[in-house]
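Quick notes on the structure that follows.
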Amino acid sequence: MKGLLLFSLAVITLQSFGQNKTPDSLYHEKYRPQFHFSPAKNWTNDPNGLVYLDGEYHLFYQYNPFGNEWGHMSWGHAVSKDLVSWKQLPVAIAEEGNTMIFSGSCVIDKNNTAGFATKPGQVAMVAVYTAHITLNNLKQDSTLQNQHIAYSLDHGRTWTKYKGNPVLDLGRKDFRDPKVFWYEKGKKWIMTVVFPHEHIVQLYSSPDLKQWTYMSDFGPAGDINGIWECSDLLQVPVKGKTNQYKWVLLNSVSTTMQYFIGEFDGKVFHNEIPDGHIVRPDYGADFYAGITYNNLPAGSLPVLIGWANNWSYAGSIPTFPWKSIMSIPRTLQVTKINGEWALLEQPVAALKNYRLKPVQFENIKFNGSKLLPVQGQQMEMEITMDPGRDDSCGIKFAVGNSHYFTIGYAERSQELYIDRSNSGDTSFHPDFKNWLKTSTAIPENNNKIKLHIFFDKSIIEVFADDGQVVITEQIFPDEKNKAVVLTSTNGKTVFDHIKVWQLKSSWDLR
Ligand code: FRU
């Protein structure tokens, strides 16, 4: 009887393992982030169609269903209840014939302006994307980009392409990445879409998502050192003020991003960031094509997700069987710093639910380096430090066997710097060498520097000074290099407060 019981238990355990769990190896491969989204296998780039509906956050993304390199671009699909644990679903909108499905956005057509909902109670999710069309397969550069729509009446599970496509066509080779939102004040849809080489964001409006009218151009402005892609115009709350908002225009520039803050009058965006001042939502090497969610529940802050990779070397990063991940989703606010508007980013609050018990340290001062009694490659850390005069202070992760990743603060130049030159595999692409160090000015706030750091296997995100500066960087360290070390080159820095959490894997909690 006891034997039978044990046997049945074993069967039940095996069955439940088979039904509910993925095999141990999937999502636990070398370098696989544990609280960031990546597809189970194959290539991804830009986040697309970020939209919330009925308890689900949808993440569509540029996806190659057939391989671990860019190609056959289609919209992959994943859903989450908290923006941290993701469940991958089948491909949503697939490449068809000579047409790839490039980046775009999703809206919820609550007023049925497009007429896609035909039964009572139905609400259409509408995707607006760029069709990348190869006109003649023999002549490789003969391509056309225009804007298409598709709709879903079952929460993004199945899609129908609109028969009247394209909905916006200028006959141009490069015209892409429509981001659409409902502009309540003018009761109309607004689209931003880019001319990459001209550094222009165009604004269009529509009553029904099908007919689009040109309104205005923004740009060239700010950083025009690379092609412009993936723009986004949105209203962002002013921190600490009820019902006060500014308009933020985001766009990607070749391998990085920038933002502008100002006002939108229903037709034209008016930038208030001074000429010549370039500001970025992320100063690291690995944050691109970021866009924000549509249709979030009332009272939510806007949420931004970026592609955590860099076109210079993206195709060669040493990860298998997937390539590329999404950043931590970040909430947005704006505030004035020294008289100028600035974007503030915070990791989504749900990440706190993944914390294990914290370890804390107070008031540490030393000369040189100090090993912290914590270890790992899957952790969150908050540090407040008081950098000593002329000191170079900071923290090293993935330390071991002469390797490390440095997040440092140079007191004399008041710069936060990141150095991944000795962090592990840096030889997978010759251009990675050009992206080993970055530094960004951040003034000490009352003589303190506050860092909020997330380290997840092959990605590090640093939110500095309450999200005024964010830096995202990939690293490919040996799995054995798990030590964490503080540094203070002249011994004058006080590490006031350090709190460390190991984080649970989101893949186990889906
Ligand atoms: C940005 C981008 C977009 C384009 C997509 C193609 O990373 O180049 O402009 O729509 O990727 O995958």
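Whatever order the structure lists them in is the order used to number ligands and atoms, beginning at 1. Side chains included, hydrogens not; waters and symmetry mates left out as well; all remaining heavy atoms used.
- With hydrogens and angles left out, the side-chain atoms of Arg420 and Thr426 include no donor and acceptor closer than 3.5 Å.
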### Message
Walk me through whether Asp265 and His270 qualify under side chain to side chain donor-acceptor pair (under 3.5 Å).
### Response
CA-CA 8 Å; Asp265 63 13; His270 304 275; 3.0 Å; yes
Could you pull out every N or O of ligand 1 that sits under 3.5 Å from a protein N or O, with the distance for each pair?
from	atom 1	to	atom 2	distance (Å)
ligand 1	7 (O)	Asp46	OD1	2.7
ligand 1	7 (O)	Asp46	OD2	3.3
ligand 1	7 (O)	Trp311	NE1	2.9
ligand 1	8 (O)	Glu229	OE1	3.4
ligand 1	8 (O)	Glu229	OE2	2.8
ligand 1	9 (O)	Arg176	NE	2.8
ligand 1	9 (O)	Asp177	OD1	3.3
ligand 1	9 (O)	Asp177	OD2	2.6
ligand 1	9 (O)	Glu229	OE2	2.9
ligand 1	10 (O)	Ser103	N	3.1
ligand 1	10 (O)	Asp177	OD1	2.6
ligand 1	11 (O)	Asn45	ND2	3.2
ligand 1	11 (O)	Asp46	OD2	3.2
ligand 1	12 (O)	Asn45	ND2	3.0
ligand 1	12 (O)	Gln62	OE1	2.7
ligand 1	12 (O)	Trp70	NE1	3.0

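- In this structure, the side-chain contact (heavy atoms from CB on, under 4.5 Å) partners of Ala94, at least two apart in sequence or on a different chain, are Ser74, Val91.
- Salt-bridge formation is not detected for the pair Glu56/Lys81: no Lys NZ or Arg NE/NH1/NH2 atom is positioned less than 4.0 Å from an Asp or Glu carboxylate oxygen.
- The closest side-chain heavy-atom distance from Ile133 to Asn146 is below 4.5 Å.
- The distance between the ring centers of Phe60 and Trp75 falls below 6.0 angstrom.
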